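We use all heavy atoms of the structure for the numbers below, so side chains are in, but hydrogens, waters and symmetry mates are not. Bear in mind the structure is a predicted one, so any value in this text is a computation, not a measurement. Proteins get letters first, then strands, A, B, ... in listed order; numbering begins at 1 in each.
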Number of protein chains: 2
Amino acid sequence: MAGIKDVAARAGVSVATVSRVLNDHSGVREETRARVLTAVSELSYRPNTLARSLRTDQTRTLGLVISDVLNPFFTELARAVEDAARSKGYSVIIGNADEQLALQDHHVRTLLDRRIDGLLVSPASGDSVALREAALLGIPMVFVDRWIEGLDVPLVRADGQPAVRDLVAHLYALGHRRLAIITGPVASTTSNERVHAFRSALREHGLPLPDAFIGQGDFQTASGRRATERFFALPEPPDAIFATDNLMALGVMEQLRTRGLRVPADVSLAAFDDIPWFLHTDPPITAIAQPTQELGHRAVAALTDLVEGRSAGSVTLSAHLIARRSCGEDERTRR
Amino acid sequence: MAGIKDVAARAGVSVATVSRVLNDHSGVREETRARVLTAVSELSYRPNTLARSLRTDQTRTLGLVISDVLNPFFTELARAVEDAARSKGYSVIIGNADEQLALQDHHVRTLLDRRIDGLLVSPASGDSVALREAALLGIPMVFVDRWIEGLDVPLVRADGQPAVRDLVAHLYALGHRRLAIITGPVASTTSNERVHAFRSALREHGLPLPDAFIGQGDFQTASGRRATERFFALPEPPDAIFATDNLMALGVMEQLRTRGLRVPADVSLAAFDDIPWFLHTDPPITAIAQPTQELGHRAVAALTDLVEGRSAGSVTLSAHLIARRSCGEDERTRR
DNA sequence: GCTGCGCATGGAAACGATTACATCGGTCAT
DNA sequence: ATGACCGATGTAATCGTTTCCATGCGCAGC
């Protein structure tokens, strides 16, 4: 593969000059520039980014560590992030943590080894040594959707609490009184927020939230199945289940199906995060939708601000309830 | 950030020695090695991969260019690829082409600029200059799922033809005679294969495939909606629709819903590629499932063979029909 | 006719690793 | 005792860029 020297030789100039036209620095005669450019295209020369980055100490690359590629919410987020980054002249390297702390830290380290300019992360729950180190090192970093308490890192997310309150009101209005929730991993910030909002909304309606109605999940499909199984082993099972992410909602449906239970006749179901398929499930599923695209865009904006030496603050957007038939019929969902 | 020199200084040895222990070359006294190692961990030194790659001319990184991250088939594939690669000591950088030739070529070039060791690609349809150049340059390269005619590149895929034939037989047995198909982009190899298998299976049953029953799609949701709209503008619409990928099947369902049509009462539906949600849609959707995990693993195996100087051949796995209720009831789907 | 300046360009030192080759004791065979 | 050899380590070139500084040249000001 041709190098800058070959180009220089062919154009009859020095490598310095070639470099100058490539990075369009001023002070190159128009005619020289043209000669270089034709040499470049004749040799179909492409600069070696490794060498360039080594020298300039910047890669124009952002790292994105997401919790689970198989979760449509995160793939949509990743997509938005990539779009935004590309339009700002950055590329993105994605690491999939699969909800595992160890895998997440592996990716964080790999990304830092690659000398990415900045890190966008939706951290798995738990104490991440790698992320703490990165923050201490002053790596430009932004959290998106999830965060880690005690780290001074800007956060871009949607506040789901009002929407959760709406959801509880909706369920209450439809006559449900035995509401259960399936949580994410214990230390998950988003899950905790959702549980907290759920509990306090319940209290407002004078409803209890017994421990048995708190299903411990981990944001993955299988845990939705397990939690559901446990709910229905109870003498008095819940009459509505709120899954704090879409994959666990899938697990709930799978388990209900094997038990032969119907939604919403036997039990109602709602999920956090809306995905296209929720419209077409049997029945369509009530969900809380986040402004995913905008989350991605804002996160990239914040991160590039940091990378380019500007300051960046946290951003909080809002989520909203989309009522469908999975919680029963009312004037909003009947048609 | 600490460099190899700092480590060398701290351990009281030369950089060469440090490098030797880092890459565990033999011929370093045990005690020296220990000293170096403690220096490494005291400084929490991490080698600069850019410098290393520049020198060694290898990155231990694979590029993966997929057609659409929002398509669950590809994200599952990406996941499998990453797993397989990681277990072989490679990392992977994903580029999302979004079914656009230009974007695909952009990613191919970006990846080559990063000096990835090998390229795994599921090419968008059409003539890709970047891919042709890469192949000519002798970049280790493997196609997965889709391919480009006339390029001598190993291909890992599933042959869907027998399964398509099974699907047609299934539809025929259920009494359907007016079968329509929604294709991918015109030049798409997989789509063409599916259409061809569909057409020839139809012929075996003495059924025609009028042009009006071939909906031109592009593997994206919206095109499924459009094709469906056109089908139902026909004086005699089809009584069964086969979408050649899962996103277009989603589009079909969306359109049917706005038209108030029922599946399978008004029209049957089947899709290529099975995804978890197909079990829970209303009704569950008949689909042709590919061995996605294995495709990913085999593709990585083939690519690493190439990268490491071994030879690699093409692999063809098989897909199979999973009959559900979206095509009507028979003894297999009733319960 | 100098001096000084700006413009276009070239030479060479980085960046942080790997690695071919040199060096330097020490051991062993002759 | 001498030289060959070996094992452990160091020196320095190299990968392909960017960029600081030097250079040469033409021209304006005196």
* Let me know the distance between CG of A:Leu54 and C1' of D:dC15, rounded to the nearest Å. => 9 Å
* Nearest-nucleotide 5' precedence on DNA chain D, B:Gly12 against A:Leu50 -> B:Gly12
* **N/O (side chain, B:Ser19) to phosphate O (OP1/OP2, C:dA17) under 4.0 Å** => no
* Could you give the NE2-to-P distance, from B:His25 to D:dG7, as a whole number of Å? -> 17 Å
* Structure fact -> Among the nucleotides D:dT17, C:dG10, C:dA20, whichever has the atom closest to the side chain of A:Ser14 is C:dG10
* Asked: Salt bridge between B:Glu82 and B:Lys88, side-chain N to carboxylate O under 4.0 Å?
  -> no
* How many Å lie between CG on A:Leu22 and P on D:dT18, as a whole number? -> 7 Å
* Nearest-neighbour nucleotide for the B:Val15 side chain, D:dT9, C:dT18, D:dT19 considered -> C:dT18
* **B:Arg33 CZ to D:dT9 C1', straight-line distance once rounded to whole Å** => 14 Å
* Asked: What is the distance from CD1 of B:Ile4 to P of D:dG10, rounded to the nearest Å?
  -> 12 Å
* Structure fact -> Rounded to the nearest 0.5 angstrom, the CG-CZ distance for B:Leu317 and B:Arg157 is 9.5 Å
* Using a cut-off of 4.0 Å on non-hydrogen atoms, how would the nucleic acid contact of A:Asp57 be classed: base, sugar-phosphate, or nothing? -> nothing
* If only side-chain N and O atoms of B:Asn48 are considered, is one of them under 4.0 Å from the OP1 or OP2 phosphate oxygen of C:dC15? -> no
* **Side chain of A:Thr56 - closest among D:dT9, D:dT19, C:dT18** => D:dT19
* So, B:Arg132 and B:Asp127, do they make that salt bridge, N to O below 4.0 Å? -> yes
* Structure fact -> Closest of D:dT9, D:dT17, C:dG10 to the A:Ala16 side chain is C:dG10
* Asked: Given atom NZ of B:Lys5 and atom P of D:dG10, what is their separation to the nearest angstrom?
  -> 16 Å
* Structure fact -> note: A:Arg115, atom CZ; D:dT17, atom P; distance rounded to Å ~ 20 Å
* Is it true that B:Asp98 and A:Arg79 make a salt bridge, defined as a side-chain N closer than 4.0 Å to a carboxylate O? -> yes
* Look at the side chain of B:Arg55 and decide which nucleotide, out of D:dA8, D:dT14, D:dC20, has an atom nearest to it. => D:dT14
* List the steps and the verdict of side chain to side chain donor-acceptor pair (under 3.5 Å) for A:Arg114 and B:Ser91. => CA-CA 11 Å; A:Arg114 282 176 187 283; B:Ser91 24; 2.9 Å; yes
* Asked: Nearest-Å distance, CD (A:Gln58) to P (C:dA14)?
  -> 21 Å
* Taking OP1 and OP2 of D:dT18, is either one under 4.0 Å from a side-chain nitrogen or oxygen of A:Arg52? -> yes
* Asked: Which is true for A:Thr32 with a 4.0 Å heavy-atom rule: it touches a base, it touches only sugar-phosphate, or it touches nothing?
  -> sugar-phosphate
* Any ion pair linking B:Asp113 and B:Arg109 (charged N to carboxylate O, less than 4.0 Å)? -> no
* Below 4.0 angstrom from OP1 or OP2 of D:dT9, is there any side-chain N or O of B:Arg29? -> yes
* Reckon B:Gly27 touches a base, only the sugar-phosphate, or nothing at all at heavy-atom distances under 4.0 Å? -> base
